[in-house]
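Just so you know, ligand 1 is whichever comes first in the structure, and atom 1 is the first atom listed for that ligand. The model shown is predicted, which means the values in this text are computed figures rather than measured ones.
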Amino acid sequence: MVDAEFQGRVALVTGGSRGIGRAICERLASGGARIAINYQHNEDAAFATLGAINAAGSEAIMVQANVAEPDQVTAMVEQTERDLGTIDLLVTSAGIAKAEPPDQLDYASFKQIMSVNVDGTYLPLVSVTKGMRARRFGRIVCIASIAALRPRPAQAAYGASKAAVIAFARNLSEDLAPEVRINSIAPGLIETDMIQEMAPSQRQAMIDATPMKRLGRAEEIAELAAFLLSERSSFTTGQCYIASGGRVTLP
Ligand SMILES: NC(=O)c1ccc[n+]([C@@H]2O[C@H](COP(=O)([O-])OP(=O)(O)OC[C@H]3O[C@@H](n4cnc5c(N)ncnc54)[C@H](OP(=O)(O)O)[C@@H]3O)[C@@H](O)[C@H]2O)c1
């Protein structure tokens with residue numbers, strides 16, 4: 001265990017089975033939190049995350065749910081609270097990305113992206129924030145993307161969905177303050193399963209356009225999430241933090 005800043009806390013991480021979500025699960029567990037690892041289909045990956053957390057001496061459970069389905073999200077939160085206790089820390093990392101060239105825009109695909117990325121952020125948020133407010137404690141991080149902040153080819157629906165995630169966090173921050181803090185993170189290109197279908201030339205072009213000249217690592221996003229969930233960021237809410245190797249900067 002690295003430290004104890006999350007000792008006694010219960011964390012629910014959507015999309016915790018793989019990629020950025022998995023790295024966040026492991027980072028919070030290393031700080032002493034007990035973790036609910038959400039996944040949708042990939043039970044083996046969730047089991048691998050669970051094994052890594054247990055091997056490091058921490059406690060976790062797996063919670064299967066499609067974050068875009070209200071009944072499944074309710075059941076996920078109930079299972080977490082039954083098995084681990086009330087939720088102190090929520091991370092919404094479950095998400096999907098799809099390239100949609102302008103001549104292939106498809107309404108079914110648009111609705112799927114919106115459903116997983118937007119409904120899949122909204123539903124866990126509304127399921128946990130009532131309890132957090134009643135207990136007068138909660139820390140939330142929503143994973144957005146720099147696609148919300150700058151144009152990228154064939155990513156109109158994805159970018160719009162992530163802009164909604166940032167807006168949720170920003171607007172909810174006023175309603176939830178002061179006891180509950182909520183922030184979002186907009187990562188640049190991170191080496192996970194999500195980007196494996198990207199053409200090598202496109203990947204290289206994005207690296208070339210990044211001042212730090214490399215992809216990000218899931219662990220780097222996890223470290224930022226841990227900071228925002230900890231008391232080290234105690235005067236911070238409603239913000240969007242960009243972690244993109246300098247590819248996107250605010251004025
Ligand atoms: N990688 C990047 O370059 C990048 C950049 C910016 C933002 N992001 C955002 O970061 C987040 C994590 O991305 P990643 O790269 O870690 O992706 P990833 O490696 O593809 O993992 C996606 C995770 O989301 C889960 N998931 C997908 N749809 C779900 C659903 N309907 N219900 C529940 N879980 C679902 C998957 O569960 P299963 O394992 O069961 O499939 C998996 O745990 C996403 O929101 C993504 O948009 C990623």
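- Nearest protein heavy-atom neighbour of atom 5 (C) of ligand 1: G188 O, 3.1 Å.
- Figure legend: R139 and F137 shown as a cation-pi pair, the cationic atom lying under 6.0 angstrom from the six-membered ring centre and within 45 degrees of its axis.
- Q155 and K98 form no side-chain donor-acceptor contact under 3.5 Å, judged by distance and modelled atom types alone.
- Against a heavy-atom cut-off of under 4.0 Å, G19 is close to the following atoms of ligand 1: 16 (O), 19 (O).
- Evaluated by nearest non-hydrogen atom to atom 30 (C) of ligand 1, the leading choice among M194, Q40, Q64, H41 is Q40.
- Counting heavy atoms of neighbouring residues, nucleotides and ligands inside a 6.0 Å radius, atom OH of Y122 does not exceed 12 of them.
- At a threshold of 4.0 Å, the pair R135-E179 does not count as salt-bridged, since none of the basic side-chain nitrogens sits closer than that to a carboxylate oxygen.
- Ligand 1 has no N or O atom lying under 3.5 Å from any N or O atom of I96, backbone or side chain.
- Contact analysis leaves T14 out of contact with ligand 1, as no non-hydrogen atom separation drops below 4.0 angstrom.
- Within the 4.0 Å heavy-atom cutoff, S93 counts among the residues contacting ligand 1.
- The shortest N/O to N/O separation between I190 and ligand 1 falls below 3.5 Å.
- Less than 4.0 angstrom separates some heavy atom of N66 from each of these atoms of ligand 1: 30 (C), 31 (N), 32 (N).
- Counting only heavy atoms of the protein, atom 15 (O) of ligand 1 lies nearest to T192 OG1, 2.5 Å.
- Within the 4.5 Å cutoff, the side chain of I53 has heavy atoms near those of the I35 side chain.
- The shortest N or O to N or O distance between Y158 and ligand 1 is below 3.5 Å.
- The closest approach between any non-hydrogen atom of A186 and ligand 1 is not below 4.0 Å.
- Here's the thing with A68: none of its N/O atoms is less than 3.5 angstrom from an N/O atom of ligand 1.
- Contact annotation for R22 and ligand 1: no heavy atom of the residue comes within less than 4.0 Å of the ligand.
- Inspection of the E26 and T49 side chains reveals no N or O donor paired with an N or O acceptor under 3.5 Å.
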- [ ] List the steps, then state whether side-chain contact (heavy atoms from CB on, under 4.5 Å) holds for S184 with Y241.
- [x] CA-CA 6 Å; S184 61; Y241 281 75; over 6 Å; no
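- The proximity of P187 to ligand 1, defined as any non-hydrogen pair under 4.0 Å, involves the side chain as well as the backbone.
- Atom CD of E197 sits in a sparse spot, with 12 or fewer heavy atoms from other residues, nucleotides or ligands closer than 6.0 Å.
- Looking only at protein heavy atoms, the nearest one to atom 21 (O) of ligand 1 is R18 CB, 3.9 Å.
- Atoms of ligand 1 found under 4.0 Å from any heavy atom of Y39 (numbered from 1 in listed order, with element): 40 (O).
- Taking every non-hydrogen atom of K162 and a distance limit under 4.0 Å, the qualifying atoms of ligand 1 come out as 44 (C), 45 (O), 46 (C), 47 (O).
- For the residue pair R22/S93, the side-chain donor-acceptor check at 3.5 Å is not satisfied.
- Counting protein heavy atoms only, atom 22 (C) of ligand 1 is closest to G95 O, 4.0 Å.
- Heavy atoms of A218 stay at 4.0 angstrom or farther from ligand 1.
- Of all protein heavy atoms, the one lying nearest to atom 32 (N) of ligand 1 is V67 N, 3.0 Å.
- Looking only at side-chain heavy atoms (C-beta outward), R34 and R9 stay at 4.5 Å or farther from each other.
- Residue-level proximity to ligand 1 for V116 is carried by the side chain, the only part with a heavy atom below 4.0 angstrom.
- For atom 10 (O) of ligand 1, the closest non-hydrogen atom on the protein side is I143 CG2, 3.2 Å.
- Checking N117 against S161 by side-chain atom types alone, a donor-acceptor pair falls below 3.5 Å.
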Task: side-chain contact (heavy atoms from CB on, under 4.5 Å) between E100 and S109, intermediate numbers included - done: CA-CA 8 Å; E100 293 199 303; S109 168; 2.6 Å; yes
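- Atoms of ligand 1 lying under 4.0 Å from any heavy atom of S17, numbered from 1 in the order shown and given with element: 37 (O), 38 (P), 39 (O), 40 (O), 42 (C), 43 (O).
- With contacts defined as side-chain heavy-atom distances shorter than 4.5 Å, the pair T121/I143 does not qualify.
- Nearest to atom 35 (C) of ligand 1 among the protein's heavy atoms is A94 CB, 3.6 Å.
- For ligand 1 and L189, the ligand atoms under 4.0 Å from any heavy atom of the residue are 3 (O).
- Counting heavy atoms closer than 4.0 Å to ligand 1, residue N38 contributes side-chain atoms (C-beta onward) but none from N, CA, C or O.
- Which parts of ligand 1 touch D193 is read off a 4.0 Å heavy-atom cut-off, strictly below it: atoms 19 (O).
- In this structure, of A45, A23, G15, A65, the residue bringing a heavy atom nearest to atom 25 (C) of ligand 1 is G15.
- Around the NZ atom of K213, the shell of radius 6.0 Å holds more than 12 heavy atoms that belong to other residues, nucleotides or ligands.
- R181 approaches T237 most closely through the heavy-atom pair CA-OG1, 3.4 Å.
- Using a cut-off of 4.0 Å between Lys/Arg side-chain N and Asp/Glu carboxylate O, R27 and E223 are scored as salt-bridged.
- Regarding atom 16 (O) of ligand 1, its nearest protein heavy-atom neighbour is I20 N, 2.8 Å.
- Side chain to side chain, E191 and Q196 meet the donor-acceptor criterion of an N or O pair below 3.5 Å.
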